[in-house]
Each structure stands twice: as C-alpha cells, then as structure tokens.
Amino acid sequence: GYVFDYCIEWLTGTGPGNDANRVWRELGALDGKTIANFEMFNTVVDEHGRSVTFYNDPGRLERHLLEISPADARPIRAFCRDLRRFTDTNLYPFLTPPPLQTPRERLATLRAVLPDFVLFWRTAATRMERFAGRFQDPLLRRAFPFIFFQDHEVFPLLPYLFNMASAHHRNAGFPQGGSLGLARSVEERYTSLGGRIDYRARVARILVEDDRAVGVELRGGERHYADHVVSACDGYTTIHGLLDGRYSSPRVDTLFQEMMNRPELVYPGVVSAFVGLDGEFAATERHSTTYLLSDEDAAALPGVLQKSLVVQLRSHYSDGFAPPGKSVVHCTYFSDYAYWKQLRLTDRKAYWARKQEVADFVRVFLERHHPGITAAIEVVDVASPATIERYTGVRGGSILGWKSFTEADDVITGLINKDR
Ligand SMILES: Cc1cc2nc3c(=O)[nH]c(=O)nc-3n(C[C@H](O)[C@H](O)[C@H](O)COP(=O)(O)OP(=O)(O)OC[C@H]3O[C@@H](n4cnc5c(N)ncnc54)[C@H](O)[C@@H]3O)c2cc1C
C-alpha cells in the first residue's frame, strides 16, 4: 500500500495567473488536485545538532538567520533584501522559451525584465559558493548551498531566490499524488482526447526513410508507422541509440562526446532509500531536512558525494503515499553512477551488499533522530543510480541532465537558437 515516488520536490506553476500554470492546466496535470504549500524550503542540520531553516518569507527568514548569527548581519540582510525584491517582482516568463521567442515577444520580455535587470544580472553572476563564503558562522557557511536539499554546486544565487519567492507566492507547491498522480492526470486528458498510450513498449530504433523519421521499432521487433515521431526520452539515447548517431551536428557532438563526460556539467545520480513505517509523524515535524554528516557517517554511506543525507517525510507532502496510520520517509544523497554500475556489472553480490549497507545506515540514522522508530519500520527499498538508469533509460541515472548556468547551457541555447 505504500507509494515510493521520489520525484517532485516543488512544481513551478501550481499557483494561478502565470504561464507555467497555464501549461499545467492545458495538460490537465493539476485537475482535481489539492496543492501542498510549505512555509520553508528546507532545514539544514549539522553534526552537532545546530540547525537553520530556510523560510520563504523574507522577513521571517531574516529574523531567524539574525538570531543564529548576529555577526553575519550584512550577508543576511543582503540575501533577504534580494529575496524581498524577487518576491515583489513575481515574474514568470515561461510559456515560450527565450530562444524560440519572436522579436516582438522578446521585446515584451525585455520590457518586463528591464526594471530588475541589474538584480537578475548580479544574482546570476554571484555563485552561491562564493556568497556562502562570506558568512562567519560555520553552519550558515555550509548550509546555504543546501537550500535545494543537496548542493547544486555551480548554481548562482538567482535560482534560490527565484524559487523561494515562487514558493512564498504559493506557486511552487506539491501536487496531490506527486509525479505519479501528475502523470496519471496528463494520461487521462490525453486518452480523453482520443490518444493511446502503450506501456512496456521500449523503442529499439527509429525507422528512417530518405532521411525522414517514419516510425519506430520496438524491442520485440514490432513496428509502428507515423506522420511524426517525437522522442521524449534521454537525448543521448535518442541520437546515439535510436538513430545510431547518424543525425548529429558539431554542437550535438560537443554535448554528447565532450561535455557529457565532465561531471561539473551534468547532474549526478542519487541513491534513494524509501522507508515505509507503521505510525504517523506529528504534523509539526518538518517535511524536509538535510543532515550534514560527520566523517564517520559519510564513510559508512556507500558512494556518497557530498557528506550529506536528505530526509523527507513524504507522507507530509500528499495523502495516498501510505495507508492510513502509516508513513513514508525518503532518504537520499547524490552518488557516483560509475561506482554502482561497475559494482553491479562485476560483482552482483557486492552490489546487493552495498545496497543493504544503505538500508542499515538509514535505519540507524533514523533511530538516532527519532528514537523508537526502528520497531515501526516495515520496509526499506533502496535504488542506486544503476537502478534508476535501468528503469528510466536516463544515461548515468542523472537526475536532471545538464546543469543550468554552465557552458552546456550556452551550447544548448546555440542548438535551439542557431541550429533550430
Ligand atoms: C529525484 C528527482 C527529483 C526531481 N524533482 C523535481 C522537482 O521537484 N520539480 C521539477 O519540476 N522537476 C523535478 N525533477 C525533474 C523532472 O522529473 C524531469 O525534468 C522530468 O521528469 C523530465 O520529463 P521528460 O518527459 O522530459 O523525461 P522523463 O520524465 O525522463 O520521461 C522520459 C520517458 O521516456 C521513456 N523512455 C526512455 N527510453 C525509452 C525508449 N527507448 N523507448 C520508450 N520509452 C523510453 C522513459 O521510460 C520515460 O517514461 C526531478 C527529477 C528527479 C529524478
């Protein structure tokens, strides 16, 4: 009766009156759903039990941070001043991505952005890492990069401020049913319009005639012909798998031959441990916490990349994830795909043993923070980046593909803008 759904932490466009919301409405994605909105993005707790909560309300955040470290008044006030300005701006220019806008649309965007151009430019040019280095308090210095649960490393301040401001406006909530519920709603809308979906139908290759995609061939050899073929899966799989690498271009080669092997440009995978347990957490328990780990804890967690563990009470996000009276907890961390893949290929028993170590660690860790919880645990289910690749086809089990605000972004913009 448990649903272990690891996707969606927040969904932009859950509030009314913006382009992103229009997209979700047209797709039927939010039909009949309630939306959970949280007052804070995340709490970060260090090894000594000190904690900081990233509230979305700039005033509340400022008071909280000043209580933790009055000596850091300058960077605290600077961050909260910027958050206040993002909150006032409340801009979501999403419907047409900038590279696809007509000159007229571009002018309209420019007009909307112009009053806050300096704010956007400055916060896009300031790396979070560098900003966090200004804090004297060791917890704040370490915690700020973990506002989005794990450290996104290359991110500047802008996405943090933008998403916290969105959440404050109740436009970055959690839809009832999570990603499965959202997908089911889109499916329902599609089939109600006459669409058909075939599950368990992996495409082996795209059929091409005279340099035109005319259909697909499934793994079992079954063929389907079509006027248009749209691949919605991983880019590398599409170009180098389904099309045999035949329809490449210099920019595509740069992405999939050079950049893809640079970890600073591509998101890593995650280890994901779901815990189903008998009993409920108090409504006041925070929904999301990142624990910064001691060296000893980090050493016990296989393949951990950032010495941190995210613990989320997923049954606080939506009903339906656990049977009545029970709860779902998700424990997750960024992890190295190559480590897990190699282990799975060469020594399946060792691979299973490492997954068991993750499960054991999670039990002990949760017990430390919620004494007595072990007896209530009914199931622990661990997925590695290799599991995720196996199920989704996403190369390297990467959670989000290319990292934003990197060189890869520039190449992709060129691919859309110039190569069309
Ligand atoms: C842990 C995690 C947390 C996330 N949190 C958020 C969040 O909070 N908010 C947010 O907005 N986004 C979040 N994302 C990102 C979001 O999930 C993705 O951006 C989104 O799912 C991408 O959608 P897509 O349709 O492009 O690709 P996918 O969702 O990857 O869909 C591709 C589909 O193609 C199928 N496929 C692959 N190969 C083949 C083949 N050969 N033949 C047939 N089918 C194939 C796959 O099975 C899959 O169903 C998160 C992602 C992860 C992993």
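What you are looking at is a predicted structure, and each value in this text was computed from that prediction instead of being measured. Start at 1 and go down the list; that is how both ligands and their atoms are numbered. Quick note: residue numbers are just sequence positions, from 1.
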Please set out all donor-acceptor pairs under 3.5 angstrom arising from side-chain atoms of residues 277-286, sequence neighbours excluded.
unit_1 : atom_1 : unit_2 : atom_2 : d
R286   : NE     : T289   : OG1    : 2.8

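- In this model, no donor atom of one side chain and acceptor atom of the other lie less than 3.5 Å apart for Y317 and E9.
- No hydrogens or angles considered: nothing links the side chains of Q150 and Y333 as a donor-acceptor pair under 3.5 Å.
- Around ligand 1, the residues contributing at least one heavy atom under 4.0 Å from the ligand are Y6, C7, I8, E9, W10, A201, R202, V203, A232, C233, T392, I399, L400.
- Applying the salt bridge (charged side-chain N to carboxylate O under 4.0 Å, His left out) test to residues at least two apart or on different chains, the pairs with a partner in residues 228-254 are R251-D419.
- In this structure, the side chain of S335 engages the main chain of G303 through a donor-acceptor pair within 3.5 Å.
- Judged as a ring-ring contact (aromatic ring centres under 6.0 Å, His included), and not counting sequence neighbours, the contacts of Y267 are H152.
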